[in-house]
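Report on one structure; see the data block that follows.
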Number of protein chains: 2
Amino acid sequence: MDESLPEAATTAPAAAPAPAPQKGTVTQRAIDRIKAMIGEGRLEPGARLPTERDLAAQLGISRSSMREAIRALTVLGVLEARHGSGIYVTQLEAGDLLETFGVVADLSRGPRLVELLEVRRILESTATALAAARITADQLAEVEKHLTAMNATDDPEEILSHDLAFHRVIAGAAGNETMAAILDGLSSRTFRARVWRGYQEEGAFERTRREHAAIHRALVAHDPEAARAAAAAHVGEVEEWLRSQIQP
Amino acid sequence: MDESLPEAATTAPAAAPAPAPQKGTVTQRAIDRIKAMIGEGRLEPGARLPTERDLAAQLGISRSSMREAIRALTVLGVLEARHGSGIYVTQLEAGDLLETFGVVADLSRGPRLVELLEVRRILESTATALAAARITADQLAEVEKHLTAMNATDDPEEILSHDLAFHRVIAGAAGNETMAAILDGLSSRTFRARVWRGYQEEGAFERTRREHAAIHRALVAHDPEAARAAAAAHVGEVEEWLRSQIQP
DNA sequence: CCACTCAGGTGGTCGGACCACTACGCGCAA
DNA sequence: TTGCGCGTAGTGGTCCGACCACCTGAGTGG
């Protein structure tokens, strides 16, 4: 008490040899630690992590902070928490990690939407070209299933659903799961619903139908260049329409 | 509009006998609520949110749960928390939202790395082609700056740094911020460091140098097709090397 | 042998407390 | 009046302890 300005250099327990520079928040450090564990292979995909309580004790933080870190990695698709069972590392496949891509599409607006469609046009055209060269008979049959189903109804919801599946099968046939996952996020339901609502009101149904038919023909003919052109035109149509809507 | 699982929803295996008013966890609902508020425009980019305590009270949940929701949206690049000041919506620009893309690159392994490089090759070649047509004198000067700096040193760290900047400027010159942000995530430091460590050990320095020079020439000549070919070859070289490493 | 029960462990939620930091305004001095 | 400091109220950051909801698996009884 009487000490006015003590140096207090005695018995300093602090001290770990490495002063452990307080980088960001405690939670952020926990996120990085866990991410590092996975990156270094100390946690295999599908592995089960220690309990929240143990993890918190290991890193010397509270369970609350650890829970925030886990929640963060959960929304990123890195971890998966099963109530009553434990916390597990996901398979770290493209679909798991790229699920967040949908958030980008959902929250983008104005010019950013056009940019997203441009990216989709580039990837989708290439994916369709690859699919034309590699697609199997089974996959082709599935494509046709969605194509006919799409043309057999007038319910916009159902059309949209089969439209998504149509492109998803094609992307899958391209043989690049990562690309397929990105395209999936780029075509998230809410994203397309927002854009297509206006697009289809302009009587674009028939045009869309023709474009899908063109893509299908190219796939049947195993003609990559035709497939690339058809897919690029397909997405490009929507892209141009959206561009005109934003900048009238 | 609840969960969107890839599996079809045709069969009802006695599941969900009750209407199940409780969607997911409380925290997940909070995440969706805030996301919806932003999506509907009730929260403009840059806007300040109510305090954690108020938000929790509004949604009728505890502050702990609300904090987890906020943390989740923070790592997704949607929100930004400033200690002592408040919680703010980000500008929701491509860079903010696509920062998580780096996580994907960092955690991918084996065949997935090749797929990521394939996506990068497709986007980078197109971006470089667009840049060849649109690049300004100032941007070209910056490209040259990084090119010479890259060739003037032997420090791998510095080379990698200028290499990243080199491609970043080109992607920016393409005029599509979203594509540039994706390419940025696809080339995150740790990702490239991991791949390049091995690649450059095989004496690929000289080849890389020639490829960069070729890209630069195409940009100077404003020749999109040459730029596309040069960029595709550049990434393709690494892609092929990596493919051979994984499947010897 | 099977089906059922139930207890333990796990993640999920809650409320409160305190700390670290920021922002703003009051009051003092020039 | 003007400017600058300092104090304070308010914010996010962290921690704790308790309880709830759910899953799992060992034990039990048929």
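Computed from a prediction, not measured in an experiment: that's the story for all the values here. Computed over heavy atoms, backbone and side chain alike; hydrogens, waters and symmetry mates excluded. Throughout, protein chains are lettered first and strands after them, A, B, ... in sequence-line order, and every chain is numbered starting at 1.
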Open item on the list: Tell me which pairs pass salt bridge (Lys or Arg N to Asp or Glu O under 4.0 Å) where either residue lies in residues 94-107 of chain A, with sequence neighbours left out.
Closed with: none
Task: Whole-Å distance separating the CG atom of L79(B) from the C1' atom of dT11(D) - done: 15 Å
Dump every N/O contact between nucleotides 13-17 of chain D and the protein below 3.5 Å, one line per pair.
from, atom 1, to, atom 2, distance (Å)
dG13(D), OP2, R67(B), NH1, 3.0
dG13(D), N7, R63(B), NH2, 2.9
dG13(D), O6, R63(B), NH1, 3.1
dT14(D), OP1, V26(A), N, 2.4
dT14(D), OP2, T27(A), OG1, 3.2
dC15(D), OP2, S62(A), N, 3.1
dC15(D), OP2, S62(A), OG, 3.3
dC15(D), OP2, S65(A), OG, 3.0
dC16(D), N4, S64(A), OG, 3.0

Open item on the list: Whether the T136(B) and Q139(B) side chains hold a donor-acceptor pair (N or O, under 3.5 Å, no angle test) is what I'd like checked.
Closed with: yes
Open item on the list: Test: salt bridge (Lys or Arg N to Asp or Glu O under 4.0 Å). Region: residues 70-89 of chain B. Which pairs qualify, not counting sequence neighbours?
Closed with: E68(A)-R71(B), E80(B)-R82(B)
TODO: Could you name each residue pair satisfying salt bridge (Lys or Arg N to Asp or Glu O under 4.0 Å) that touches residues 172-188 of chain A, not counting sequence neighbours?
DONE: R168(A)-D184(A)
Open item on the list: What is the distance, to the nearest angstrom, from the CG atom on L49(B) to the C1' atom on dG10(D)?
Closed with: 16 Å
TODO: Nearest-nucleotide wise, let me know which of G84(A) and G84(B) is further upstream toward the 5' end of DNA chain C.
DONE: G84(A)
- [ ] Round to a whole Å and report the spacing from CD1 of I87(A) to C1' of dC23(D).
- [x] 14 Å
Side chains of residues 56-64 of chain B: which donor-acceptor partners sit under 3.5 Å, not counting sequence neighbours?
from, atom 1, to, atom 2, distance (Å)
S62(B), OG, S65(B), N, 3.3
S62(B), OG, S65(B), OG, 3.3
R63(B), NE, E52(B), OE1, 2.9
R63(B), NH2, E52(B), OE1, 2.8

Task: Pairwise ring-ring contact (aromatic ring centres under 6.0 Å, His included) hits with a residue in residues 88-108 of chain A, at least two apart - done: F101(A)-F101(B)
Task: Whole angstrom value for the distance that separates C1' of dT13(C) from CG of L59(B) - done: 15 Å
